[in-house]
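Just so it is clear, the model here is predicted, and its values are computed rather than measured. Because only heavy atoms are used, hydrogens play no part in the values below, and waters and symmetry mates are left out as well, while side chains stay in.
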2 protein chains.
Amino acid sequence: MAKVNLHTVAAHAGVSTATVSKVVNGVRQGISAETVMRVQEAVRMLGYRPNRTARELRTLQRSIIGMTIVDPSPMFLADPFTTHVAAGLSNRLSEKGFGLLVHGVKPKQINDSFLVRETVVDAICLMLSGSAASRRSTIQLFADLGQPILVFQDKPSIEAADVCYVNQDDAGGADALARHVLRRNPASTLIVIPKIFWPAIEARLDAIWQCFKQAGRPARILRCDENNREAIAQAITDNIDRHGLPEAVMGSNDRIAAIALRLLTAQGVKVPEQVAVTGFNAFEPYSQDRVTLTSARSPAFELGQLGAELLLARLRAGAFERLEYTLPVSLVEGTSA
Amino acid sequence: MAKVNLHTVAAHAGVSTATVSKVVNGVRQGISAETVMRVQEAVRMLGYRPNRTARELRTLQRSIIGMTIVDPSPMFLADPFTTHVAAGLSNRLSEKGFGLLVHGVKPKQINDSFLVRETVVDAICLMLSGSAASRRSTIQLFADLGQPILVFQDKPSIEAADVCYVNQDDAGGADALARHVLRRNPASTLIVIPKIFWPAIEARLDAIWQCFKQAGRPARILRCDENNREAIAQAITDNIDRHGLPEAVMGSNDRIAAIALRLLTAQGVKVPEQVAVTGFNAFEPYSQDRVTLTSARSPAFELGQLGAELLLARLRAGAFERLEYTLPVSLVEGTSA
DNA sequence: CTGAAAGCGCTTACAG
DNA sequence: CTGAAAGCGCTTACAG
């Protein structure tokens, strides 16, 4: 079947392409009801679907937002935090007829990413892992593109007018958790975090660390390979064998906390009586053997929604109203700590 | 800063836009090395990034694949299976300079989806929940668009030349699990599945059901609200209270199996001695209290990769080579069953 | 109320 | 080896 375009419809309805364009776009101003009907009928009969590319070129906007996730693993989209953000973004963008283009890229390949090389979206969201220096240079790279950039979960490093930072209060959440744990004056605390460097995780760690320092309570840190459940369990077991049973275990996310919780109860350790356990994220309530996990609720979906709104507003207004936003993280009190 | 386009670069380098276009696209045929250099220099100096929209309009291809997920929940992107497929898709597409546009849509709103209303991508992937009839009509709707359609995890219902089905062998995997469980001749078996209707889940259920029927062994089915861990645990507990402890619990995914496993061990039930437990997906090895979960490995990431390759080939060749593909699902033998 | 026409930024067959 | 020109499918200010 031949391509149906504005001309086909116009010819079929016996009007100009200008008129068809207006009808299709709902511009009823100065068009007779009868003409509208005739055009709509032609559209229906021919199964006409406007070519978005042409509209985009004409109006010079794509109505597509890019989301670049910099992660060494091709499974970038499997991380719950990331997917919650993406879901929130897509959700809000869709409502406004905008699309979300997701793009995972390995740290080495950022320069060759087609989102960098070409103008393919109206604005770009960034979700970065890696050291502060590498993140900084990545943000700089994107900032230099001359497109609006929105960075999720990162400390403002580049001060550019068109770079906006959307964070959750990881430090606040971690602080609340630490205070909660410190109420029992633990003689020893084990903090378990993933090896891969994510700024949000470091922010949580810092806050806990500060809090413990101020309270004059010791804590030790264990970094483990997050991709493997077994590896996490083994690392925790080894650490306990070497340094003894801590009085609290603080995981940097619920997954790690759940593994610790399971491991401890399997060894007959009572939670929270002997050991307090906390997690982070609380994307869904977590419980095990009647103990519910004390955690902090990450508003990741809301982060995505907010990001979408800010970007849409930026595109409309020509500038971000503010360059930094922080969403609160609330303590989820379970029975595990 | 003013927009930099082909003309700007051409003027700067003192050549025609045709020449700049060729250099930028790597067409070195019939262009002197010196000209190439001069153009590249101008591109660098001006920070020129080709406008993808214009190229798309000229070549009439978008180099974007759409992924529509039909799900009543806005959290559509939070499902591990879906995200694994999306990651696989995006991974392969990126390598070829293609983008992945994700779009979650509620069942009622499919007709208003901009992927349906307008031509915005080169091809569309579908991931559908809901009844067979509703899925069928959704596929029909997309098939009528005159664009290549690739359906993940659904039984071929619409026979159209441009609709391709990519599945994993859910029935095979479920069958293997059922046989495995049946080796112990369980007097009673509880099958736990989510309330929401996903074809893959039904395929698993059917296979298990058939297998048990043939073996002359009874099984009962429990449908529960999958979004809530507590609800699942409660539903299983209630079912056991009412019908007694089964000798096997087969979850339709690992998450449900893990909840059952935890719940049983918490009640002092020995797994697998008293009750065998199985899951499905095995996106990562799951273990708890030294028992490792027996499951079936879903090649979701590979499904996405294959889908990307098929779509790319389809776009190149003008037609799908085959209209149905099934990836194997392998049994993961743990100690839980 | 309607239409002719310019032009968005590219690519490409063609002529030189 | 290089460039002039047509045209991809739309939108919109403008004239009638």
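Nucleotide dC10(D) holds its P atom 15 Å from the CZ atom of Arg62(A), rounded to whole Å. Regarding Arg55(B), its CZ atom lies at a distance of 5 Å from the P atom of dT11(C), rounded to whole Å. At whole-Å resolution of the value, CE in Met37(A) and P in dC1(C) are 16 Å apart. When rounded to the nearest whole Å, the span between CZ of Arg49(A) and P of dG9(D) equals 14 Å. One can place CD of Glu118(B) at 15 Å from P of dG9(D), the figure rounded to the nearest angstrom. Taking atom CD1 of residue Ile31(A) and atom C1' of nucleotide dT12(D), one finds them 12 Å apart after rounding to whole Å. Taking atom NZ of Lys3(A) as the reference point, atom P of dG9(D) lies 8 Å away to the nearest angstrom.
Residue Leu6(B) is classed as a base contact, given a heavy-atom separation below 4.0 Å to a base. Within the nucleic acid shown, Ser32(A) comes within 4.0 Å of sugar-phosphate atoms alone, with no base atom in reach, counting heavy atoms only. Backbone-only contact: Thr35(B) has heavy atoms under 4.0 Å from sugar-phosphate atoms and none from a base.
Residues meeting the side chain to side chain contact (heavy atoms under 4.5 Å, CB included) test with Leu323(A), sequence neighbours left out: Phe320(A). Residues that satisfy the side chain to side chain contact (heavy atoms under 4.5 Å, CB included) test with Glu34(B), not counting sequence neighbours, are Ser32(B), Arg38(B). Arg55(A) meets the salt bridge (Lys or Arg N to Asp or Glu O under 4.0 Å) test with Glu118(B); sequence neighbours excluded. Scanning for side chain to side chain contact (heavy atoms under 4.5 Å, CB included) contacts around Gln40(B) gives Val23(B), Arg28(B), Val36(B), Arg44(B), with sequence neighbours left out. Legend: residues meeting side chain to side chain contact (heavy atoms under 4.5 Å, CB included) with Ala200(A), ordered by chain and number and at least two apart, are Gln153(A), Asp170(A), Arg204(A). Under the salt bridge (Lys or Arg N to Asp or Glu O under 4.0 Å) criterion, Glu309(A) pairs with Arg92(A), sequence neighbours left out.
Pairs of Watson-Crick or G-U wobble type, with distances under 3.5 Å, assemble into runs of 3 or more in DNA chain D at these ranges: C:1-3 with D:14-16, C:5-12 with D:5-12, C:14-16 with D:1-3.
Taking 4.0 angstrom as the limit, Ser21(A) places none of its side-chain polar atoms (N or O) nearer than this to OP1 or OP2 of dC10(D).
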Using the 3.5 Å cut-off, write out each protein N or O paired with an N or O of nucleotides 4-8 of chain C and the distance between them.
unit_1	atom_1	unit_2	atom_2	d
dG7(C)	N2	Arg58(A)	NH1	3.3
dC8(C)	O2	Arg58(A)	N	3.3

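For residues 147-157 of chain B, every residue pair satisfying the salt bridge (charged side-chain N to carboxylate O under 4.0 Å, His left out) rule, not counting sequence neighbours, is listed here: Arg135(B)-Asp154(B).
Across every non-hydrogen atom of Leu145(A) and Ile124(A), the tightest pair is CD2-CD1, 4.2 Å. Shown here for Leu89(B) and Phe152(B), the closest heavy-atom pair between the two residues is CD1-CE1, 3.9 Å.
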